[in-house]
Amino acid sequence: MAPAITLAADAPQLSSANTGFMLICSALVMLMTPGLAFFYGGMVRVKSTLNMLMMSFISLGIVTLLWVLYGFSLAFGTDKGSLLGWSSDFVGFSGIGKMELWDGTTIPVYVFAVFQLMFAIITPALISGALADRVKFTAWALFLTLWATIVYFPVAHWVWGSGGWAFDLGVIDFAGGTAVHINAGAAALGVILVIGKRVGFKRDPMRPHSLPLVMLGAGLLWFGWFGFNAGSWLGNDDGVGALMFVNTQVATAAAMLAWLAYEKIRHGAFTTLGAASGAVAGLVAITPSGGAVSPLGAIAVGAIAGVLCAMAVGLKYRFGYDDSLDVVGVHMVGGIIGSLLIGFFASGGGQSDVKGLFYGGGLDQFWKQCAGVFGVLAYSLVVSAILAFLIDKTLGMRVTEDEEMSGIDQIEHAETAYDYTGAGGGTIGSSASTPLAAASAPSKKVDA
């Protein structure tokens with residue numbers, strides 16, 4: 001057979017509509033990292049607020065540079081053995097033409113690269129919520145750098161890179177159930193098993209200091225998630241992005257209501273923290289599955305995730321691991337639920353013709369999803385624990401017990417989130433009114 005001839009007129013052409021849409025989606029995903037910072041920042045005690053914000057914000061700086069220098073090449077370069085990518089043109093973005101299109105799309109390589117950059121930024125930031133109150137900022141920055149390089153970039157290639165083993169196997173992950181949420185949740189579990197519990201875990205109250213900040217953060221995450229999910233189809237030419245947009249809203253609503261219902265039955269109240277956490281659980285679960293299920297399937301995915309994630313957050317007290325802000329219970333468990341339910345609820349009418357068990361497709365896709373889920377989980381858990389162990393034995397991962405009790409904000413950042421001296425409680429000219437002086441003052445073991 002003679003080789004097919006591709007005419008210039010048949011080649012993909014740059015679409016200004018899709019390009020503009022993807023730039024907007026990239027900005028929405030970038031906004032999710034500050035949203036995550038507020039979400040986590042409101043959930044910790046006063047004395048850890050700024051540190052929690054900074055653990056997310058620093059990812060914007062570090063991962064951006066890593067991505068341009070080599071991360072994009074490792075994740076989306078030419079496949080090397082189904083485990084890594086590499087393309088010298090992507091190193092430093094040195095060989096990318098401004099009008100060069102990403103393969104099979106109508107958007108420039110630059111646009112695809114910057115969209116994926118935002119995923120690379122928020123994924124390690126998710127881990128930080130499990131480590132609240134007790135990790136040195138320098139140790140966190142080093143861990144973030146190593147983890148992005150050794151874990152995130154390769155896993156992104158497995159799942160989304162042409163030639164990656166999960167991609168070739170047919171594992172469905174529309175926008176990051178395995179590469180983002182299971183990856184981050186398993187990493188969080190690996191690290192906390194190494195560094196141990198906070199001082200006072202299961203003894204002292206560690207309630208959120210600002211539920212309005214939590215709700216603000218959850219709202220920003222929900223808003224940005226439309227770019228995260230709908231944008232992952234890289235265009236609007238066939239309606240799949242629109243389906244994902246609808247399913248994102250539907251599943252999130254169902255999960256929030258399901259979490260609240262479980263909470264009312266189990267604990268007797270509808271809490272704002274439960275509403276925010278339920279919404280995030282729904283967003284996590286629909287991330288891998290939203291392009292494969294119908295809106296009715298999205299309701300089922302969201303409701304199941306809302307209940308199971310609400311149950312999962314209590315496991316830390318039963319098993320004794322201190323997951324400060326429920327990264328394991330929401331992101332790892334939610335990612336597992338959303339990924340595996342594709343094997344049951346895939347309708348065959350979305351991103352592909354793959355059907356799940358409930359649509360007559362048998363269990364073939366379910367087993368593929370299991371391979372992707374547990375392959376990523378095991379790799380991230382083990383490697384993250386090893387990285388944390390090595391950093392702990394060299395640089396040291398944790399602040400001292402006295403520093404943790406007095407407040408990590410003052411110790412690590414020489415600042416506090418709220419200045420109460422202007423409210424009538426301070427003395428004008430007092431040396432203790434300055435952050436550095438307060439940091440050097442004798443600590444008081446007060447659980448702020």
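Because the structure is a prediction, the values reported are computed rather than measured.
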- Query: Under the salt bridge (charged side-chain N to carboxylate O under 4.0 Å, His left out) test, which residues partner E263, sequence neighbours left out?
  - Reply: none
- Message: I'd like to know whether S324 forms a side chain to side chain donor-acceptor pair (under 3.5 Å) with R134, so could you lay out the CA-CA distance, the side-chain angles of the two residues, the decisive distance to 0.1 Å, and finally the verdict.
- Response: CA-CA 10 Å; S324 307; R134 58 201 191 275; 2.8 Å; yes
- State which residues pass ring pair (Phe, Tyr, Trp, His ring centres under 6.0 Å) with F137; sequence neighbours excluded, sorted by chain then number. H413
- Quick one: do I127 and V327 satisfy side-chain contact (heavy atoms from CB on, under 4.5 Å)? Show the steps, please. CA-CA 7 Å; I127 302 169; V327 178; 5.7 Å; no
- Pairs flagged by salt bridge (Lys or Arg N to Asp or Glu O under 4.0 Å) wherever residues 63-77 is involved - sequence neighbours left out: none
- Who passes ring pair (Phe, Tyr, Trp, His ring centres under 6.0 Å) against F345, sequence neighbours left out? F358
- Task: Could you grab the distance from atom CZ of F21 to atom CG of L28, nearest 0.5 Å is fine?
- Result: 8.5 Å
- Query: Would S87 and T78 satisfy side chain to side chain donor-acceptor pair (under 3.5 Å), going step by step from the backbone distance to the final call?
  - Reply: CA-CA 6 Å; S87 294; T78 302; 3.2 Å; yes
- Roughly how far, to the nearest 0.5 Å, is the OG atom of S128 from the CG atom of L36? 6.0 Å
- For K316, all residues meeting salt bridge (charged side-chain N to carboxylate O under 4.0 Å, His left out), sequence neighbours excluded: D326
- Might you work through the side chain to side chain donor-acceptor pair (under 3.5 Å) test for W225 and T252, ending with a clear yes or no? CA-CA 10 Å; W225 223 292; T252 306; over 6 Å; no
- Task: Only one of V135, L142, T138, I195 passes side-chain contact (heavy atoms from CB on, under 4.5 Å) with I391; say which it is.
- Result: L142
- Measure the spacing between CG of L65 and CG of L60 and express it to the nearest 0.5 Å. 11.0 Å
- Query: Of all residues at least two apart in sequence or in a different chain, which pass the salt bridge (charged side-chain N to carboxylate O under 4.0 Å, His left out) check with K368?
  - Reply: D364
- Query: salt bridge (charged side-chain N to carboxylate O under 4.0 Å, His left out) with D237: which residues, sequence neighbours excluded?
  - Reply: none
- Item | ring pair (Phe, Tyr, Trp, His ring centres under 6.0 Å) involving F201 - partner list, sequence neighbours excluded | Y317
- Rounded to the nearest 0.5 Å, how far does CG of L53 lie from CD1 of I58? 13.0 Å
- Item | CZ (F38) with more than 12 external heavy atoms under 6.0 Å | no
- Query: Can you tell me if W158 and T178 form a side-chain donor-acceptor pair at under 3.5 Å?
  - Reply: no
- Note on the structure: Residues F115 and F228: closest non-hydrogen pair is CZ-O, 4.1 Å
- Message: Hydrogens and angles aside, do W147 and S384 bring a side-chain donor and acceptor to less than 3.5 Å of each other?
- Response: yes
- Message: Please list all pairs meeting salt bridge (Lys or Arg N to Asp or Glu O under 4.0 Å) that have one or both residues in residues 290-312, counting only residues at least two apart or in different chains.
- Response: none
- Item | Enclosure of F366 CZ (heavy-atom neighbours >12, cutoff 6.0 Å) | yes
- Below 4.5 Å, heavy atoms only, C-beta onward: do L234 and M22 meet side chain to side chain? yes
- Item | Test side-chain contact (heavy atoms from CB on, under 4.5 Å) applied to L14 - qualifying residues, sequence neighbours left out | T19, M99, L101, P108
- CD1 of I342 to CG of L357: how many Å apart, nearest 0.5 Å? 14.0 Å
- Residue pair I107, S15: steps toward the side-chain contact (heavy atoms from CB on, under 4.5 Å) verdict: CA-CA 6 Å; I107 64 173; S15 166; over 6 Å; no
- Parallel under 30°, tilted from 30 to 60°, perpendicular over 60°: which one fits the rings of F112 and F76? perpendicular
- Message: Between F153 and F72, is the ring centroid distance below 6.0 Å?
- Response: no
- Message: I want to check something: taking the side chain as every heavy atom from C-beta on, are V91 and L69 in contact at a cut-off of under 4.5 Å?
- Response: no
- Which pair of heavy atoms, one from G177 and one from D173, lies closest together, and at what distance? N-OD1, 2.6 Å
- Message: Looking only at the side chains, is there a donor atom on one of Q249 and W222 sitting less than 3.5 Å from an acceptor on the other?
- Response: yes
- Message: Would the distance check show the side chain of H157 and the main-chain N or O of A75 forming a donor-acceptor pair, the cut-off being under 3.5 Å?
- Response: yes
- Task: May I ask you to test the Y379-I150 pair for a side-chain heavy-atom distance under 4.5 Å?
- Result: yes
Return all side-chain donor-acceptor pairs below 3.5 angstrom for residues 182-194, not counting sequence neighbours, or 'none' if the list is empty.
residue : atom : partner : partner atom : Å
N183    : OD1  : S380    : OG           : 2.9
N183    : ND2  : A179    : O            : 3.0

- Ring centroid separation for H267 and W259, is it under 6.0 angstrom? no
- Item | By ring pair (Phe, Tyr, Trp, His ring centres under 6.0 Å) - contacts of W233 (at least two apart) | F174
- Query: Is the gap between the ring centers of Y70 and F90 under 6.0 Å?
  - Reply: no
- Item | Partner of E404 under salt bridge (Lys or Arg N to Asp or Glu O under 4.0 Å), chosen from R45, K136, R398 | R398
